[in-house]
Amino acid sequence: MAPPQNAMTVKLLDLVPQYEGIRDEIREAIDEVLSTQQFILGKKVEALEAEIARYCGVRWAAGVASGSDAILLSLMGLGIGAGNEVITTPYTFFSTVSSITRLGATPVFADIDPRTYNIDPSYVSRRITDRTRAIIVVHLFGQTAAMDEISGAARRKGIPVIEDACQSIGALYKGKRAGSLGEAGCLSFFPSKNLGGYGDGGMIVTNDAELASSVRMLRVHGGRERYYHDVVGINSRLDSIQAAVLLVKMRHLEEWHAGRRANAAYYDRELSRIPGVTVPAIEPGNTSIYNQYVIRVKERDALKAFLQESGIGCEVYYPVPLHLQKCFAFLGGKEGDMPESEAAARETLAIPVYPELAAAQKEYVVSKIREFMERRA
Ligand SMILES: Cc1ncc(COP(=O)(O)O)c(C=O)c1O
């Protein structure tokens with residue numbers, strides 16, 4: 001017998017409708033780059049750096065090859081290396097932590113606040129030692145972490161705070177944008193981000209002129225003058241074509257954020273009425289950009305399977321907290337060390353929230369979640 005036909009399909013993220021709305025602007029911008037045949041860094045990247053610095057409310061920005069490299073280069077710029085400890089969350093994308101270990105430094109994990117999924121400041125304070133040289137906070141899913149508390153603890157000890165804002169460009173914390181709250185902010189232009197390029201890309205934003213200058217040198221093999229190397233850097237530059245695409249997309253970013261927020265508000269209203277479903281908690285003073293809309297349910301795996309069978313895209317961010325990853329076993333992490341991160345990894349599920357979702361698609365998502373939860377009740 002043929003499988004039942006779904007009423008519709010809803011992808012977790014569909015970038016085609018966005019492209020259809022900006023196709024002409026994009027093609028013109030890419031064509032401009034092609035006519036100059038200038039592909040690496042250059043005027044478009046400089047223009048994007050100025051635009052993003054203004055948008056984030058900082059003085060400097062440096063385009064790099066990815067969000068992962070933005071984190072790595074921030075740590076390199078701050079001189080982090082062997083023997084240093086860096087406090088961070090285990091409930092994040094891999095490269096928040098791999099950037100630390102790549103430099104020979106040691107990640108020290110602090111568990112999350114189970115409501116926001118962001119690092120819990122009370123654990124951060126307890127993990128600070130004489131060897132702590134940086135704290136990396138992650139503004140997960142589009143909402144900033146508790147920056148006042150974390151920055152307060154860090155400032156007392158003279159420890160710089162790096163913001164992994166890869167999922168949170170434009171998010172507001174008490175009126176200030178993500179990336180402007182610590183010593184350095186790291187942005188990703190991976191295509192699925194609210195500001196996504198047509199390939200990899202990233203940026204470091206900062207108010208620290210020395211750090212900006214250091215990162216600019218480190219991203220081009222550690223030299224200020226070509227073929228003269230002061231330090232050992234890496235090759236991590238943003239392409240002109242990506243910058244051209246991102247400059248076009250910047251014109252639409254606020255409207256896209258607003259679309260996601262409207263979708264989130266709809267889900268908040270509808271899903272919070274369903275017993276057993278926890279909707280995202282946004283702290284007072286925070287404005288989320290909802291890079292992901294993440295719900296929490298006990299029977300997450302069964303719900304995920306049911307939604308997928310129903311034609312609804314959904315994903316687990318992240319199934320294995322980083323203290324339990326095989327490649328970090330040498331750090332000695334074990335099950336039970338980070339109970340909140342481990343519980344979140346078992347119970348959370350991201351559902352479609354991209355701005356172009358049609359009303360009928362959102363209604364369908366809600367109806368299927370309701371159907372599942374009612375059957376299980
Ligand atoms: C929290 C977080 N950190 C770091 C990264 C790395 O960014 P990229 O994929 O641009 O290297 C991402 C995105 O994938 C992310 O979501």
Side-chain angles (χ1 to χ4, degrees), residues 12-13 15 45 48 52 61-76 86-103 107 109-110 112-113 116-119 134-145 147 161-171 178-179 181-182 184-205 215 219 234-239 242-243 245-246 249 260 280 288-294 315-323 325 327-328 341 344-345 348 350 353-354:
L12 179 60
L13 172 66
L15 287 167
V45 172
L48 182 71
I52 300 247
V64 297
S66 67
S68 302
D69 277 4
I71 302 167
L72 181 72
L73 285 161
S74 299
L75 289 167
M76 289 172 77
V86 179
I87 299 174
T88 194
T89 163
Y91 190 59
T92 178
F93 180 67
F94 178 68
S95 64
T96 314
V97 175
S98 63
S99 307
I100 303 169
T101 57
R102 261 165 170 257
L103 296 173
F109 292 114
I112 54 165
D113 175 335
T116 62
Y117 309 117
N118 280 328
I119 197 165
I135 297 168
I136 305 182
V137 298
V138 181
H139 303 317
L140 204 64
F141 303 145
Q143 171 174 218
T144 50
M147 288 305 291
V161 177
I162 297 172
E163 300 172 68
D164 177 343
C166 287
Q167 298 184 8
S168 292
I169 185 169
L181 307 159
C186 305
L187 305 174
S188 166
F189 305 129
F190 186 77
S192 66
K193 306 303 187 204
N194 287 34
L195 181 67
Y198 290 171
D200 277 311
M203 198 166 278
I204 295 157
V205 291
V215 161
R219 74 178 170 178
I234 60 174
N235 170 9
S236 182
R237 304 167 299 211
L238 187 64
D239 294 345
Q242 294 308 332
V245 166
L246 293 163
K249 287 195 168 198
R260 284 172 181 267
S288 176
I289 58 145
Y290 290 101
N291 182 239
Q292 300 294 348
Y293 186 93
V294 174
E315 194 51 88
V316 174
Y317 300 110
Y318 297 92
V320 183
L322 297 179
H323 67 292
Q325 291 285 350
C327 67
F328 296 136
S341 298
T348 57
V353 72
Y354 62 92

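As the structure is a computational prediction, the values presented were derived from the model and not from experiment. Whatever order the structure lists ligands and atoms in, that order sets their numbers, starting from 1.
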Parallel, tilted or perpendicular, as decided by the 30° and 60° cut-offs, for the rings of Y91 and Y117: tilted
Modelled atom types, side-chain donor and acceptor of Q167 and H139, under 3.5 Å: no
Element-labelled atoms of ligand 1 that are located less than 4.0 Å from some non-hydrogen atom of C166: 2 (C), 3 (N), 4 (C), 5 (C), 12 (C), 15 (C)
L15 and L13: CA distance, side-chain angles, deciding distance, side-chain contact (heavy atoms from CB on, under 4.5 Å) verdict: CA-CA 6 Å; L15 287 167; L13 172 66; 4.1 Å; yes
Atom indices of ligand 1 within 4.0 angstrom of V138 heavy atoms, with elements: 1 (C)
Min N/O separation G67 to ligand 1 under 3.5 Å: yes
For atom 5 (C) of ligand 1, closest protein heavy-atom neighbour: F93 CD2, 3.4 Å
Atom 16 (O) of ligand 1 [closest protein heavy-atom partner, distance rounded to 0.1 Å]: Q167 NE2, 2.8 Å
Subset of ligand 1 atoms that lie under 4.0 Å from at least one heavy atom of S68: 6 (C), 7 (O), 8 (P), 11 (O)
Residue, atom name and distance, where the atom is the protein heavy atom closest to atom 3 (N) of ligand 1: D164 OD2, 2.7 Å
Protein residue, atom and distance nearest to atom 13 (C) of ligand 1, heavy-atom basis: K193 NZ, 2.8 Å
S95: numbered ligand 1 atoms lying under 4.0 Å from its heavy atoms: 4 (C), 5 (C), 6 (C)
Full working for ring-ring contact (aromatic ring centres under 6.0 Å, His included) between F94 and F328: CA-CA 11 Å; F94 178 68; F328 296 136; 5.6 Å; yes
Interfacing atoms of ligand 1 (cut-off 4.0 Å, heavy-atom, T92): 1 (C)
Sole candidate of T89, L75, I87, V97 that passes side chain to side chain contact (heavy atoms under 4.5 Å, CB included) when paired with I136: L75
Y290 backbone acceptor or donor facing R260 side chain under 3.5 Å: yes
Criterion side-chain contact (heavy atoms from CB on, under 4.5 Å) on D200 and F190, from CA distance to verdict: CA-CA 5 Å; D200 277 311; F190 186 77; 3.7 Å; yes
